[in-house]
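See below for the structure under consideration.
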Amino acid sequence: MNIYFDEAGNTGQNLLDENQPIYVLVSHNFSIEEAEAILSPIKTNSSEVHFKNLKKYPKYQKPIKEILNNPLIKYERIKIAYYNKKYALCAHLVDQLVETTFYNLGLDYYENGLNIMYAQSLYLQAHLFESKLEYTELLERFQKMIRNKDYESIDSFYLKAEEIFNHIEKESEKNFFFPILKSKDFIEDILTSINKFSIDLALPSLTILSDVWYKNENVSIKIIHDDSKQVEFWKDYIIFMAKHISKKKVDVGFDDRKMTFPLQIDSIEMVDSKNHIQIQLSDLIGSSFAYYAKNILLEQN
């Protein structure tokens, strides 16, 4: 089964971009004829339907709304992965630093969703509470440390972490924050094991949606993805997880957070959206979703 993917709001390793706080990956299985019919309300001389070019003009608002309300636009045909990128960065910090600390101390961290609760608490500190400026700066320094992997960025991150820790008054809150400080003992090994795209959202989004398609349709899929440096970088790794990681199927994870391995992916093809109407449809749906979610987030703020 051919599945067509496109992303919106990809700012690479800058997950704190205030102009694009939401990341979206859209996938669907519409044929060329279906995609053309769905996009038919848009009349344009452009060779490509692209949401960021259309949204500026009031005359396209009604056609876009008509497309999004098409009866074919439903869960059975479309799967979407989306993230608040600031929260995703909190989750990455937890995954890279806190989980590693727990592992080295011989403690289980993923069972019962402890990692999720920790990430949620960290996000609240960075987004809603009085401490949000301090914690947001900590996230900025974490992001820089992952990107640069040098002694200057490491020292900068842990200096900020110590500053926050020393200002915490409650013992319970100190205990909560301490694993972040303790991760300094393992930071060289952590940074050696990751690469420049490790906190990018393309890989988890693509693998999760591929798993969802397999479980919904009970068939392996062929991924047709708009050109993406991140997906191109991970392509061989994804194929490894689909073809070589295991000879028999096994579910990995906890509770309802399980994925089937090997991934049920036959192939990955990178294409230019100008030549694929299905990718243009993915762009319009995904970018519309990201635009809508961004405005909800701004209203909440």
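Side chains included, hydrogens not; waters and symmetry mates left out as well; all remaining heavy atoms used.
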**Request:** Give, for atom OG of Ser287 and atom NE2 of His50, the distance between the pair rounded to the nearest 0.5 Å.
**Result:** 6.5 Å
**Complete:** Taken in chain and number order and not counting sequence neighbours, the residues that satisfy side-chain hydrogen bond (donor to acceptor under 3.5 Å, both in side chains) with Trp234 are none
**Asked** Are there more than 12 heavy atoms of other residues, nucleotides or ligands under 6.0 Å from atom CD of Glu36?
**Response** yes
**Prompt:** Among all residues two or more places apart in sequence or in another chain, which pass the ring-ring contact (aromatic ring centres under 6.0 Å, His included) test with Tyr214?
**Reply:** none
**Asked** Between CD of Gln13 and CD of Gln230, what distance do you get to the nearest 0.5 Å?
**Response** 9.0 Å
**Asked** Side chains of Lys160 and Tyr135: closer than 4.5 Å at any heavy-atom pair?
**Response** no
**Item:** Tyr87 atom OH: more than 12 heavy-atom contacts under 6.0 Å
**Value:** yes
**Request:** Can you measure from OH (Tyr82) to CG (Leu25) and round to the nearest 0.5 angstrom?
**Result:** 13.5 Å
**Complete:** Minimal heavy-atom distance between Asn84 and Ile22, with the atoms involved, is CA-CD1, 4.0 Å
**Same apolar cluster (I L V M F W Y, side chains within < 4.5 Å links), Leu122/Phe142** = yes
**Prompt:** Taking atom types as modelled and ignoring hydrogens, do the side chains of Glu7 and Ser228 form a donor-acceptor contact shorter than 3.5 angstrom?
**Reply:** yes
**Request:** List the atom of Ser210, the atom of Ile223, and the distance in Å for their closest heavy-atom pair.
**Result:** OG-CD1, 3.5 Å
**Message:** When you measure from the side chain of Lys79 to the backbone of Leu209, do you find a donor-acceptor pair of N or O atoms at a distance under 3.5 Å?
**Reply:** no
**Message:** Grouping I, L, V, M, F, W and Y whenever their side-chain heavy atoms are under 4.5 Å apart, do Tyr103 and Leu97 come out in a common cluster?
**Reply:** no
**Request:** Report yes or no: does Lys43 contribute a side-chain atom to a donor-acceptor pair with the main-chain N or O of Ser40 at less than 3.5 Å?
**Result:** yes
**Backbone N/O of Ser156 and side chain of Arg141: donor-acceptor pair under 3.5 Å** = yes
**Prompt:** Looking at Phe165, does the NZ or CZ of Lys174 lie under 6.0 angstrom from its six-membered ring centre and within 45 degrees of the ring axis?
**Reply:** yes
**Item:** Any Ile164 side-chain heavy atom under 4.5 Å of Gln125 side chain
**Value:** no
**Item:** From Glu137 atom CD to Glu134 atom CD, the distance as rounded to the nearest 0.5 Å
**Value:** 6.0 Å
**Fill in**
For Ile279 and Ile224 the tightest heavy-atom approach is CD1-O, 3.5 Å
**Asked** To the nearest 0.5 Å, how far apart are CD1 in Ile265 and CD1 in Ile221?
**Response** 5.5 Å
**Prompt:** Do Glu48 and Ser273 come close enough that some side-chain heavy atom pair is under 4.5 Å?
**Reply:** yes
**Request:** Spell out, as yes or no, whether a donor-acceptor pair under 3.5 Å connects the side chain of Asp150 to the backbone of Ser153.
**Result:** yes
**Message:** Can you give me the closest heavy-atom contact between Thr136 and Lys86, atom names plus distance?
**Reply:** OG1-NZ, 3.0 Å
**Asked** Taking side chain as C-beta onward, heavy atoms only, is Ser205 less than 4.5 Å from Phe5?
**Response** no
**Asked** In chain order, what residues pass the side-chain hydrogen bond (donor to acceptor under 3.5 Å, both in side chains) check against Asp226, with sequence neighbours excluded?
**Response** none
**Item:** Plane angle bin for Tyr60 and Tyr57 - parallel if under 30°, tilted between 30 and 60°, otherwise perpendicular
**Value:** perpendicular
**Request:** Determine, using the 4.5 Å side-chain heavy-atom cutoff (strictly less than), whether Leu181 and Leu139 are members of one ILVMFWY cluster.
**Result:** yes
**Message:** For Ile32 and Gln278: C-alpha separation, side-chain torsions, deciding distance, then whether side-chain contact (heavy atoms from CB on, under 4.5 Å) applies.
**Reply:** CA-CA 6 Å; Ile32 291 176; Gln278 292 107 315; 3.3 Å; yes
**Within 6.0 Å of NZ in Lys215, more than 12 heavy atoms from elsewhere** = yes
**Request:** Ignoring hydrogens and angles, tell me if any N or O in the side chain of Lys249 forms a donor-acceptor pair with the backbone of Gln264 under 3.5 Å.
**Result:** no
**Item:** Asp95/Thr100 under side-chain contact (heavy atoms from CB on, under 4.5 Å): CA gap, chis, key distance, verdict
**Value:** CA-CA 7 Å; Asp95 188 50; Thr100 302; over 6 Å; no
**Request:** Using a 4.5 Å cut-off on heavy atoms from C-beta on, say whether the side chain of Ile3 contacts that of Asn29.
**Result:** yes
**Message:** Between Phe51 and Phe289, is there shared hydrophobic-cluster membership here, with clusters defined by ILVMFWY side-chain heavy atoms closer than 4.5 Å?
**Reply:** yes
**Asked** How far apart are the C-alpha atoms of Lys144 and Glu140, what are their side-chain angles, what is the distance that settles it, and do they pass the salt bridge (Lys or Arg N to Asp or Glu O under 4.0 Å) test?
**Response** CA-CA 6 Å; Lys144 188 174 182 178; Glu140 290 172 348; over 6 Å; no
**Asked** Going by heavy atoms in the side chains, are Ile38 and Leu284 under 4.5 Å from each other?
**Response** no
**Request:** Measure from the side-chain N and O atoms of Ser121 to the backbone N and O of Met117, and report whether any donor-acceptor pair falls under 3.5 Å.
**Result:** yes
**Request:** Evaluate side-chain contact (heavy atoms from CB on, under 4.5 Å) for Tyr118 paired with Glu99, printing each intermediate quantity in order.
**Result:** CA-CA 10 Å; Tyr118 199 110; Glu99 189 278 335; over 6 Å; no
**Distance, nearest 0.5 Å, that separates CD1 of Ile190 from OG of Ser198** = 11.5 Å
**Asked** Which atom pair, heavy atoms only, marks the closest approach of Ala35 to Ile277?
**Response** CB-CG2, 3.9 Å
**Prompt:** Residues two or more places apart in sequence or in another chain: which of them pass side chain to side chain contact (heavy atoms under 4.5 Å, CB included) with Lys85?
**Reply:** Thr11, Leu15, Gln20, Tyr23, Leu201
**Asked** With a 4.5 Å limit on heavy-atom distance, are the side chains of Ile64 and Tyr291 in contact?
**Response** no
**Asked** Which pairs, with at least one residue in residues 184-212 and sequence neighbours excluded, count as a ring-ring contact (aromatic ring centres under 6.0 Å, His included)?
**Response** Phe197-Phe233
**Message:** Within a 6.0 Å radius of atom NE2 on His167, are there more than 12 heavy atoms belonging to other residues, nucleotides or ligands?
**Reply:** no
**Message:** Can a donor-acceptor pair be found, under 3.5 Å and without considering hydrogens, that links the side chain of Lys184 to the backbone of Tyr158?
**Reply:** no
**From CA spacing to verdict: side-chain contact (heavy atoms from CB on, under 4.5 Å), Met270, His225** = CA-CA 5 Å; Met270 310 302 296; His225 199 297; 4.0 Å; yes
**Prompt:** Mind checking whether Leu133 and Leu16 sit in one hydrophobic cluster, side chains of I, L, V, M, F, W, Y counted as touching below 4.5 Å?
**Reply:** no
**Request:** Report the residues that fulfil side chain to side chain contact (heavy atoms under 4.5 Å, CB included) with Ser267, sequence neighbours left out, ordered by chain and then residue number.
**Result:** Lys222
**Complete:** Between Ala290 and Ala8 the two heavy atoms that sit nearest each other are CB-CB, 4.1 Å
**Asked** For Glu76, does the CD atom have more than 12 heavy-atom neighbours from other residues, nucleotides or ligands under 6.0 Å away?
**Response** yes
**Prompt:** Are any non-hydrogen side-chain atoms of Val252 and Met259 less than 4.5 angstrom apart?
**Reply:** no
